Protein chains: 2
Amino acid sequence: MTDRRPRNQKVTLQDVADAAGVSKATASLALRENPRISEPTRMRVLEAVESLGYVYNQRAASLRTRRSYTIGLILKDVSNPFNAELTSGAESQLAGEGYSLLLGTTDDDMDKQARMIKTMLEGDVDGVILSTVTGTALDALRKWSQYCPMILLTQYYSALAVDCVGMDDVNGTERAVEHLIQQGHRRIAFVGGYNSTLTRQRRLQSYRDILRRHKFECDPALDITSPVTRRGGYDAIHQLLSMTSPPSAAYCYSDVIAFGVMLGLRAAGREAGQDFAVIGFDDVPEATLWHPSLTTVSADPRGLGENAAQLMLRRIAEPDLPVKRIIMPSRLIVRDSTAAPVSERLN
Amino acid sequence: MTDRRPRNQKVTLQDVADAAGVSKATASLALRENPRISEPTRMRVLEAVESLGYVYNQRAASLRTRRSYTIGLILKDVSNPFNAELTSGAESQLAGEGYSLLLGTTDDDMDKQARMIKTMLEGDVDGVILSTVTGTALDALRKWSQYCPMILLTQYYSALAVDCVGMDDVNGTERAVEHLIQQGHRRIAFVGGYNSTLTRQRRLQSYRDILRRHKFECDPALDITSPVTRRGGYDAIHQLLSMTSPPSAAYCYSDVIAFGVMLGLRAAGREAGQDFAVIGFDDVPEATLWHPSLTTVSADPRGLGENAAQLMLRRIAEPDLPVKRIIMPSRLIVRDSTAAPVSERLN
DNA sequence: GGGACCTGCTGAATCGATTTACCTGTTATC
DNA sequence: GATAACAGGTAAATCGATTCAGCAGGTCCC
């Protein structure tokens with residue numbers, strides 16, 4: 001079948017055309033199923049493609065068409081299940097329209113983000129879906145968004161005319177914290193993440209609003225920031241438990257944090273759902289597997305990815321449409337990691 | 001600074017040259033710091049770049065240079081920490097040499113793998129680092145490896161002249177199973193993964209060899225395959241515990257499986273390290289966080305990624321070098337999830 | 001003062017596709 | 001039978017860079 005030719009000497013469309021006894025133009029049109037090319041001719045071209053082992057050169061084509069059919073997706077990291085789901089959602093949505101995904105990670109590092117965007121722009125992507133690293137300047141975003149269509153994930157800036165898709169942090173937080181309050185908890189910690197993200201700012205604000213609405217004390221010492229890793233949650237709960245007046249419940253920035261908190265509780269001889277209440281955010285598949293299973297705010301990461309992709313395709317198709325912001329709904333899923341505080345039950 | 005121009009009208013090198021009052025050739029040479037271009041001229045070019053907001057077009061350049069400086073990395077999924085580390089290792093190694101990584105995932109699906117490789121080849125990557133999906137045919141690999149340099153991850157085929165980097169499954173398995181045997185375990189399950197992967201085949205073979213060497217029974221019912229997820233491990237241990245003569249220890253295909261097993265044990269009212277022994281494979285960061293912490297075989301995923309990248313760069317630089325296979329050493333890290341079986345301790 | 005050599009730059013070909021405008025026979029139409 | 005319409009193809013320009021082979025002008029040296 002495919003004849004082995006020297007590595008550097010690739011088969012080009014011209015070779016295919018020669019082998020099929022047609023012009024390069026005809027070969028091109030035949031492959032793109034242009035109706036002007038007759039069926040017999042198209043078959044000859046396809047046979048030539050097969051026998052020569054021709055590989056289409058997307059780079060060359062995109063030079064001429066000025067479309068690369070690649071979308072960049074830049075995330076802080078992909079190793080957490082939320083982002084993995086999001087990626088998968090975006091990818092399948094784009095693949096359906098003939099686009100492919102170029103994935104980049106920044107490790108929440110500003111320099112890496114800048115390099116990543118530069119690489120993507122130079123690689124000539126048709127658009128970038130971006131979850132900004134903490135502390136990204138508005139000016140930088142404004143500049144980047146001039147070079148190619150851009151969709152912002154979870155972050156959104158009212159001062160910036162850029163499409164974005166986020167989730168309903170306020171509502172999700174309300175449901176979670178209200179649930180804890182109804183169980184009788186009074187000292188509720190807010191655990192994990194960094195305040196430089198807008199997402200955390202919104203959730204924190206909302207958490208405080210609810211406590212105040214109920215006229216509960218809002219102790220700043222119960223607000224613990226940390227990396228969004230199990231280790232982050234683990235260390236945070238240790239810190240909280242060593243307080244003179246520790247909390248009886250933790251509302252966590254993400255499921256991953258919540259898992260860390262549960263591990264930390266156990267290391268301290270405590271157990272979530274028995275003598276401490278834990279709520280996560282994201283509802284990753286692992287949440288049901290834990291013992292106790294994790295009460296969490298479900299946020300449909302896959303839907304987030306799908307929506308971002310759709311928004312991007314829309315923007316590419318019609319660059320002049322007004323800015324669109326999508327907020328995905330979230331809901332509380334009550335499982336076993338939450339229970340009334342011990343003091344409450346003794347009464 | 002950058003003037004806003006119509007989206008579709010990008011700034012080209014010609015524009016830069018015009019603005020700097022030099023030829024396109026000079027502009028190109030200036031940007032690549034060619035010594036034939038004088039410093040003053042180079043400065044003028046750089047200023048033009050800055051003021052016009054020129055973005056280098058890597059696709060156009062690679063058409064001429066026949067080098068894209070992009071390497072494809074195709075994995076089954078990135079959401080597990082092992083692959084995330086591997087990716088990060090490969091990426092930083094490549095970035096150091098001016099290459100960037102194009103990441104693709106296959107979800108262990110044959111069709112997706114084929115599509116992914118096609119996309120990558122069409123996107124004109126300089127090489128592909130591939131962790132094959134289960135059941136990939138040798139012929140397919142042979143064909144793909146003709147189109148561009150290829151490095152195989154963890155899988156290796158003696159019948160295929162392709163570079164690869166794997167880990168020392170045999171040695172790692174020996175250490176793990178010997179450790180369990182020394183603790184007094186006799187019925188040891190081998191849990192998780194699918195036998196269609198060469199990796200599992202090697203580990204299973206090695207596990208059996210050791211049991212036989214010790215003249216222990218090698219019950220095929222203790223060999224449980226499953227998806228490489230927590231859920232996989234969770235379900236497997238349930239199945240094992242319901243046997244009439246259940247095992248007292250599990251050697252797991254990966255840490256992720258082991259976590260699932262520990263969750264399953266707890267759901268069944270048992271506890272790893274107390275009335276059951278669990279060993280994982282990979283030593284992901286999470287392993288130390290669990291309670292009990294996980295005994296596991298450490299396999300340096302980052303090193304794996306780095307080595308794969310280096311091998312790729314070597315192959316690109318010198319295509320005619322003989323095939324090279326790297327086996328990364330592995331070692332057993334004993335933590336708290338392993339302990340002597342209950343029966344043993346009662347004696 | 002004439003060749004050798006250097007410095008700093010440019011013109012034009014090139015990479016591999018797409019696409020427009022045009023060409024050449026056939027067939028249909030009146 | 002002249003002409004329009006059409007079917008099936010092709011030549012050549014084009015996308016945005018790189019790079020080779022000069023070229024003009026100056027310096028050096030015997």
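Letters A, B, ... mirror the listed sequences (proteins, then strands); counts begin at 1. Bear in mind the structure is a predicted one, so any value in this text is a computation, not a measurement.
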Does A/Lys24 have any salt bridge (Lys or Arg N to Asp or Glu O under 4.0 Å) partners at least two apart in sequence or in another chain, and if so, which?
-> none
Atom pair [atom1] ([X]) and [atom2] ([Y]), whose distance is rounded to the nearest 0.5 Å:
| X | Y | atom1 | atom2 | result |
| --- | --- | --- | --- | --- |
| B/Leu311 | B/Asp163 | CG | CG | 4.5 Å |
| B/Arg59 | A/Asp124 | CZ | CG | 5.5 Å |
| A/Thr106 | A/Asp108 | OG1 | CG | 6.0 Å |
| A/Asn307 | A/Arg314 | CG | CZ | 11.5 Å |

Side-chain N or O of A/Thr65 less than 4.0 angstrom from OP1 or OP2 on C/dT19?
-> no
So, is B/Ser38 near the phosphate of C/dC9, with a side-chain N or O under 4.0 Å from OP1 or OP2?
-> yes
At 4.0 Å (heavy atoms only), tell me whether [X] reaches a base, stays on the sugar-phosphate, or touches nothing.
| X | value |
| --- | --- |
| A/Ala61 | sugar-phosphate |
| A/Arg32 | sugar-phosphate |
| B/Thr41 | sugar-phosphate |

List the atom pairs, with distances to 0.1 Å, where a side-chain N or O of residues 25-37 of chain B and a protein N or O form a donor-acceptor pair under 3.5 Å, not counting sequence neighbours.
residue	atom	partner	partner atom	Å
B/Thr26	OG1	B/Ser23	OG	3.0
B/Glu33	OE2	B/Arg42	NH1	3.3
B/Asn34	OD1	B/Arg36	N	2.8

Which atoms form the tightest heavy-atom contact between A/Leu304 and A/Leu153, and what is the distance?
->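 Distance-wise, the nearest heavy atoms are CD2-CD2, 4.4 Å.
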Shortest non-hydrogen contact between B/Met312 and B/Ile129, atoms and distance =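 Shortest heavy-atom contact: CE-CG1, 4.0 Å.
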Name the pairs: protein N/O against N/O of nucleotides 22-28 of chain C, kept only if under 3.5 Å.
none

Measure the angle between the two terminal helix axes of the helix from C/dG1-D/dC30 to C/dC30-D/dG1, five base pairs each, and quote it to 10°.
-> 50°
With distance as the sole criterion, is a donor-acceptor pair present between the side chains of [X] and [Y] under 3.5 Å?
| X | Y | answer |
| --- | --- | --- |
| A/Ser68 | A/Thr70 | yes |
| A/Thr132 | A/Gln113 | no |
| B/Tyr99 | B/Arg67 | yes |
| A/Thr41 | A/Ser38 | yes |

Provide the start and end nucleotides, 5' to 3', of the part of DNA chain D that has atoms under 4.0 Å from heavy atoms of chain A.
-> D/dG8 to D/dG16
Given atom [atom1] of [X] and atom [atom2] of [N], what is their separation to the nearest angstrom?
| X | N | atom1 | atom2 | answer |
| --- | --- | --- | --- | --- |
| A/Leu63 | C/dT14 | CG | P | 17 Å |
| A/Asn34 | C/dT20 | CG | C1' | 12 Å |
| A/Leu31 | C/dT19 | CG | P | 13 Å |

So, does A/Thr105 use its side chain to make a donor-acceptor pair with the main chain of A/Asp107 at under 3.5 Å?
->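 Not a single qualifying donor-acceptor pair exists.
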Selection: residues 17-27 of chain B, any non-hydrogen atom under 4.0 Å of DNA chain D =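 Nucleic-acid contacts, sorted: B/Lys24, B/Ala25.
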